[in-house]
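Some notes on the structure that comes next.
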Amino acid sequence: MMKPESHLFYQSSQRRPVLDQARGVYMWDVDGKRYLDGSSGAMVCNIGHSNPHVLDAMRRQMEKSTFGYRLHFETEASEALAARTAALCPAGMNKVFFVSGGSEAVESAIKLARQHALAVGQGARWKVISRAPSYHGCTLGALSITGYAPLTDPFAPMMRAMPKIPAPRAYLGGLDPADPATGAHYAAMLEAEILAQGPDTVLAFIVEPVGGASTGALVPPAGYMQAVQEICRRYGVLLILDEVMTGAGRTGRFLALEHWGLSPDIVVLSKGFAAGYVPLGAIVARDDLVGAVLEGGGFLHGFTYAGNPLACAAGAAVIDEIARQGLVQNAQVMGAALRARLDGLAARHPVIGDVRGQGLLLAFELMADPVTKAPLPARLNAHQRLVDIAFELGLIVYSRRTRNGLEGDHIMVCPPLIVSEQHLDEMTETLDMALARLRDDLALAEMG
């Protein structure tokens with residue numbers, strides 16, 4: 001039966017199944033086909049779908065109010081979530097600004113950083129250093145600090161490009177990620193870039209503690225995160241941690257910064273922060289940083305739905321569920337179990353050249369040669385082909401390209417934090433079948 005014409009448009013004209021319902025780690029389309037959500041959507045649905053406690057909290061808030069403009073009212077829901085969020089961040093980070101998503105949060109973070117520089121008489125600081133590859137959002141401001149050619153190149157004439165340093169992809173450089181010398185090697189690139197740009201002009205360094213979709217769950221080499229924090233402090237550069245994907249328990253800590261004992265200036269949150277129940281994001285900043293901005297005339301920035309009480313009630317309920325169900329601990333345990341299964345797949349399927357990640361933020365990279373790390377030919381579009389095969393088999397995974405978005409196919413395997421061993425077995429079996437079919441497809445493509 002032909003679907004009626006869609007009035008929506010996204011990345012392409014390709015039509016997708018119509019979603020009917022979702023429960024826990026599973027989703028069903030209107031034809032009754034079941035899918036295991038092996039990527040939490042876009043690494044969003046950390047507590048799974050249709051959690052009754054979150055839905056009840058949303059209903060209670062809806063009976064009170066669904067909107068209150070932040071310049072007219074404070075709301076109990078937003079104040080409560082701000083306090084809960086600050087308590088989960090490092091000491092001295094008690095100021096929270098709510099937004100509706102990750103791109104808005106990154107935009108807010110870099111604007112706050114700039115206004116702080118002006119407030120303290122350092123107006124020459126405006127450059128935000130980031131990494132390549134990286135992804136920090138789709139607004140023009142967030143794209144200017146993103147290093148992912150397919151997404152940034154079309155808009156380059158409209159943006160002021162910001163300086164980039166290489167992401168610490170030790171596996172491609174033939175370096176040992178467990179060696180502190182490797183971490184020092186890559187961190188030194190940040191210091192060199194600050195000096196090249198002129199330290200008095202550099203405003204901030206923004207980085208994902210564990211890489212997201214642009215680098216495929218890249219875990220930094222030993223000592224790297226501590227070293228970049230020290231370098232930022234040495235030159236008066238603000239450290240912004242983009243925890244849009246890593247936050248809310250995904251890596252086996254509520255915030256990934258806890259793995260290294262970091263104390264940044266600003267933390268950026270979204271995705272798992274409200275787990276897909278409503279659009280919500282936040283930035284959390286040092287008290288003194290925000291204080292200087294407010295004393296200097298206020299934060300000249302904002303969004304209509306910032307601090308929406310319904311969104312904040314949902315966010316607080318998500319945090320409750322993460323604690324109630326012990327999902328941070330489950331991400332550690334199930335993450336280790338899933339990593340072992342992915343390593344087993346790599347042993348059976350030579351097309352997998354690298355497996356990496358932290359907690360339940362995991363990925364594997366497809367390669368033509370796992371020894372030389374040569375990528376598969378980009379024309380084969382292997383990452384999308386594997387996603388399509390898995391989807392046909394009832395498993396949802398997520399893919400991108402590791403090498404500046406142009407080549408180097410990787411697959412993100414990041415199920416909700418509620419997964420069990422049984423779910424992991426189902427995922428692994430399906431991936432095994434999908435990889436076997438991909439192998440056959442690649443062989444046919446080579447023959448052709």
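Fair warning: this is a prediction, and the values are worked out from it, not measured in the lab.
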Ignoring hydrogens and angles, tell me if any N or O in the side chain of [X] forms a donor-acceptor pair with the backbone of [Y] under 3.5 Å.
| X | Y | result |
| --- | --- | --- |
| Arg356 | Gly216 | yes |
| Arg401 | Ala378 | yes |
| Arg233 | Gln229 | no |
| His349 | Ala346 | no |
| Thr182 | Asp176 | yes |

Donor + acceptor pair across side chains of [X], [Y] (<3.5 Å):
| X | Y | value |
| --- | --- | --- |
| Tyr171 | Arg169 | no |
| Glu193 | Gln197 | yes |
| Asp37 | His49 | yes |
| His423 | Asp425 | no |
| Ser399 | His410 | no |

With a 4.0 Å cut-off, would you call [X] and [Y] a salt bridge?
| X | Y | result |
| --- | --- | --- |
| Glu208 | Arg131 | no |
| Arg34 | Glu426 | yes |
| Arg250 | Glu243 | no |
| Asp409 | Arg385 | no |
| Glu392 | Arg437 | yes |
| Arg379 | Glu407 | no |
| Asp343 | Arg339 | yes |

Would you name the heavy atoms of Cys89 and Val284 that are closest together and state the gap between them?
SG-CG1, 3.8 Å
Taken to the nearest 0.5 Å, the spacing of Leu366 CG from Asp354 CG works out to 11.0 Å
Atom pair CZ (Arg324) and CD1 (Ile47), whose distance is rounded to the nearest 0.5 Å:
9.5 Å
Checking side-chain contact (heavy atoms from CB on, under 4.5 Å) for the pair Val228/Trp260: CA distance, chi angles, key distance, verdict?
CA-CA 11 Å; Val228 297; Trp260 302 281; over 6 Å; no
Before we go on, tell me: are the rings of Tyr26 and Tyr35 under 6.0 Å apart, centre to centre?
no
May I ask you to check whether Tyr148 and His136 place their ring centres under 6.0 Å from each other?
no
Ser214 vs Arg400, test: side-chain contact (heavy atoms from CB on, under 4.5 Å). Steps then yes/no.
CA-CA 7 Å; Ser214 64; Arg400 283 292 183 268; over 6 Å; no
Any chance you could lay out the side-chain contact (heavy atoms from CB on, under 4.5 Å) test for Tyr398 and Ile411, step after step, and finish with the verdict?
CA-CA 6 Å; Tyr398 191 96; Ile411 304 296; over 6 Å; no
Regarding Arg23 and the six-membered ring of Trp28, is the cationic atom NZ or CZ under 6.0 Å from the ring centre and inside 45° of its axis?
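Judged by the rule, Arg23 and Trp28 form no cation-pi pair.
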Could you go through Leu190 and Val207, starting from their C-alpha distance and side-chain angles, then the distance that decides it, and tell me whether this counts as side-chain contact (heavy atoms from CB on, under 4.5 Å)?
CA-CA 11 Å; Leu190 173 60; Val207 61; over 6 Å; no
